[in-house]
Amino acid sequence: MLKVKVLLVGPRESGKSVLANFVSESIEGIGSYIPTQGVRILEYEKPNFNGNSKGAGCRFELWDCSGDQKFETCWPALMKDSHGVIIIFNPELPSHLKEIEMWYSCFVQQQPLLDSQCLLVAHHKPGSAEDSENLSLAYPLNKLKLIHSNLEEDPEDVRMEFIKYFRSIINVINESREKEEMSIIS
């Protein structure tokens with residue numbers, strides 16, 4: 001079974017835990033806001049989700065990382081062996097738009113990750129305005145895949161976007177394994 005480790009990072013109170021629970025179909029912590037201390041790891045399995053003929057399925061580890069920068073000394077340990085990074089932010093907060101550049105720099109650029117292994121999520125909280133569809137992000141964030149998530153209005157669209165993202169991560173892992181195997185053979 002293929003193991004896929006994905007980090008969910010971003011500013012405080014952006015909705016990382018809510019999205020981690022939603023994607024992993026966990027009901028843990030639903031309700032009031034409780035800041036994540038350090039990291040919370042959600043594991044779940046998807047049979048037949050591997051994308052190759054071996055088809056053994058995947059075990060996903062979603063690392064729901066605290067948005068509190070007091071845990072910055074832990075970040076290198078969290079990043080070890082990760083396959084992808086999802087940066088989640090609240091598009092209605094100007095401070096979040098500034099802060100996501102730092103999260104990108106720390107969690108994507110400082111690792112050997114491709115931009116295709118990163119997903120930006122503009123998470124709209126319940127009852128928030130939807131007028132932030134026309135986000136203009138600065139380089140290098142503007143070259144990343146950006147999705148808008150609204151779990152009240154479009155939960156299935158959000159789920160489909162995450163499935164597409166996870167499939168792309170699995171393809172990167174499988175391609176890298178095939179290259180490694182070919183280099184051993186030749």
Side-chain angles (χ1 to χ4, degrees), residues 1-24 26 28-29 33-46 58-91 93-123 137-147 149 161-162 164-181 183-184:
M1 181 169 284
L2 183 66
K3 188 174 103 176
V4 180
K5 175 181 175 181
V6 176
L7 306 178
L8 282 80
V9 302
R12 290 165 46 167
E13 295 189 54
S14 55
K16 297 177 295 295
S17 295
V18 170
L19 282 167
N21 287 343
F22 173 75
V23 171
S24 66
S26 168
E28 179 185 323
Y33 173 71
I34 302 165
T36 301
Q37 297 301 310
V39 68
R40 185 178 69 114
I41 302 170
L42 286 91
E43 292 183 88
Y44 70 105
E45 291 182 10
K46 281 282 194 201
C58 278
R59 181 161 78 240
F60 290 94
E61 286 183 1
L62 298 181
W63 289 51
D64 174 14
C65 304
S66 172
D68 194 327
Q69 291 181 27
K70 74 180 181 187
F71 296 107
E72 191 171 353
T73 55
C74 304
W75 292 353
L78 301 180
M79 290 187 259
K80 185 173 173 21
D81 300 328
S82 65
H83 300 106
V85 173
I86 299 172
I87 301 172
I88 299 164
F89 65 99
N90 181 338
L93 298 176
S95 64
H96 279 204
L97 293 172
K98 286 187 184 77
E99 227 182 289
I100 57 175
E101 291 180 28
M102 181 275 301
W103 291 99
Y104 174 77
S105 170
C106 290
F107 282 88
V108 180
Q109 290 180 320
Q110 291 180 17
Q111 292 191 79
L113 288 182
L114 305 167
D115 283 342
S116 63
Q117 290 170 274
C118 181
L119 178 66
L120 269 181
V121 180
H123 182 62
L137 298 169
Y139 179 85
L141 298 174
N142 62 0
K143 58 188 175 110
L144 301 176
K145 168 97 172 125
L146 168 69
I147 67 164
S149 111
E161 288 293 345
F162 273 93
K164 280 193 253 176
Y165 169 71
F166 289 140
R167 285 196 194 284
S168 74
I169 294 292
I170 290 165
N171 288 338
V172 167
I173 295 169
N174 286 336
E175 284 171 17
S176 134
R177 278 190 179 167
E178 285 169 16
K179 281 181 190 165
E180 205 174 299
E181 288 169 6
S183 72
I184 292 168

In chain order, what residues pass the side-chain contact (heavy atoms from CB on, under 4.5 Å) check against [X], with sequence neighbours excluded?
X: Gln117; answer: Leu113, Leu114, Ile169, Val172
X: Val6; answer: Val4, Leu62, Ile86, Tyr165, Phe166
X: Ser95; answer: Leu93
X: Pro112; answer: none

Run the side-chain donor-acceptor check on residues 98-109: report pairs under 3.5 Å with partners two or more places apart or on a different chain.
from	atom 1	to	atom 2	distance (Å)
Glu99	OE2	Trp103	NE1	3.2
Tyr104	OH	Asp115	OD1	2.6

Return yes if a side-chain donor-acceptor contact under 3.5 Å exists between His123 and Ser14, otherwise no.
no

Atom [atom1] in [X], atom [atom2] in [Y]: separation rounded to 0.5 Å?
X: Leu7; Y: His83; atom1: CG; atom2: NE2; result: 10.5 Å
X: Lys5; Y: Leu78; atom1: NZ; atom2: CG; result: 7.0 Å
X: Leu141; Y: Leu146; atom1: CG; atom2: CG; result: 9.5 Å
X: Phe162; Y: Ser149; atom1: CZ; atom2: OG; result: 6.5 Å
X: Leu19; Y: Leu8; atom1: CG; atom2: CG; result: 7.0 Å
X: Lys143; Y: Leu120; atom1: NZ; atom2: CG; result: 11.0 Å

Is the number of heavy atoms from other residues, nucleotides or ligands within 6.0 Å of NZ (Lys179) greater than 12?
no

Applying ring-ring contact (aromatic ring centres under 6.0 Å, His included) to Tyr44 and not counting sequence neighbours gives Phe60

Cationic N near anionic O, under 4.0 Å, Glu180 to Arg177
no

Just jot down the side-chain hydrogen bond (donor to acceptor under 3.5 Å, both in side chains) partners of Gln111, sequence neighbours excluded, or say none.
Ser82

Those residues at least two apart in sequence (or on a different chain) that pass side-chain hydrogen bond (donor to acceptor under 3.5 Å, both in side chains) with Thr36 are Ser17

Just grab all the salt bridge (Lys or Arg N to Asp or Glu O under 4.0 Å) pairs involving residues 59-71, residues at least two apart or on different chains.
Lys3-Glu61, Arg12-Asp68, Arg40-Asp64, Glu43-Arg59

Give the minimum heavy-atom separation between Pro11 and Ile88, together with the two atoms involved.
CD-O, 3.3 Å

Looking at every heavy atom in both Ser116 and Ser168, which two are closest together, and how far apart are they?
O-OG, 4.1 Å

For Val39 and Cys74, run side-chain contact (heavy atoms from CB on, under 4.5 Å): C-alpha distance rounded to whole Å, both residues' side-chain angles, the deciding distance at 0.1 Å, then the answer.
CA-CA 9 Å; Val39 68; Cys74 304; over 6 Å; no

